[in-house]
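Comments concern the structure below.
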Amino acid sequence: MRVLGWLLKAAVFLLIFALAINNQAPVRVHGLFGAQWEAPLVLVLLLVLFAGVLLGMAVMAPLWWRARRTARQSSTATPPTTPASSTAAPALEEPPHGV
């Protein structure tokens, strides 16, 4: 199973590498107020991907924090259970169904 995971990772890497090799043509990005930036297409694509990941993390961060805070509050609200003593009576077994 580990080998399959590594093969999948290698295939994804090779696909991304082929995309980078095939998209080296310079492109011009037009910004606001007449600003222009010229860079290879693969660099522009990687920057847009990185910006999207950062934006997604920024949007999800409050939800993650709220979930962690809720989990922490619920774990501290319940008192810790004490282990059963060795002198306690064993639990009774249930009779088999259909008897």
Side-chain angles (χ1 to χ4, degrees):
M1 195 65 179
R2 262 189 178 183
V3 174
L4 185 62
W6 278 104
L7 287 175
L8 183 63
K9 289 175 187 177
V12 169
F13 172 76
L14 289 175
L15 285 173
I16 292 173
F17 186 71
L19 178 75
I21 295 295
N22 289 329
N23 289 305
Q24 291 184 355
V27 294
R28 183 173 294 147
V29 179
H30 297 277
L32 297 175
F33 308 113
Q36 295 180 3
W37 180 54
E38 190 168 328
L41 178 60
V42 67
L43 182 63
V44 173
L45 289 174
L46 286 175
L47 287 175
V48 168
L49 175 69
F50 186 67
V53 168
L54 288 178
L55 181 63
M57 288 173 62
V59 168
M60 288 295 297
L63 298 173
W64 288 332
W65 292 332
R66 188 177 308 132
R68 286 188 62 182
R69 186 175 9 141
T70 305
R72 190 177 306 126
Q73 287 174 351
S74 67
S75 68
T76 58
T78 58
T81 58
T82 58
S85 65
S86 61
T87 61
L92 297 175
E93 293 183 14
E94 291 184 26
H97 294 287
V99 174

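- Rounded to the nearest 0.5 Å, atoms CE (Met60) and CG (Leu55) are 12.0 Å apart.
- A distance of 13.0 Å separates NE2 of His30 from CH2 of Trp37, quoted to the nearest 0.5 Å.
- Note that CG of Leu41 and CG of Asn22 are 10.5 Å apart. Values are rounded to the nearest 0.5 Å.
- Leu47 CG to Leu43 CG: the interatomic distance, rounded to the nearest 0.5 Å, is 4.5 Å.
- The CD1 atom of Ile16 sits 8.5 Å away from atom CG of Leu46, with the distance rounded to the nearest 0.5 Å.
- No more than 12 heavy atoms of other residues, nucleotides or ligands shown are found within 6.0 angstrom of CH2 on Trp6.
- Distance check, rounded to the nearest 0.5 Å: CD1 of Ile21 to CG of Leu14 gives 11.0 Å.
- In plain terms, the two heavy atoms of Glu38 and Pro26 that are nearest each other are OE2-CB, 3.7 Å.
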query: Could you walk me through whether Arg66 and Leu63 pass the side chain to side chain contact (heavy atoms under 4.5 Å, CB included) check?
result: CA-CA 5 Å; Arg66 188 177 308 132; Leu63 298 173; 3.5 Å; yes
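- Residues Val42 and Val48 do not share a hydrophobic cluster, defined by chaining ILVMFWY side chains whose heavy atoms lie under 4.5 Å apart.
- Nearest heavy-atom pair, Val44 versus Ala39, reported as atom, atom and distance to 0.1 Å: CG2-CB, 4.2 Å.
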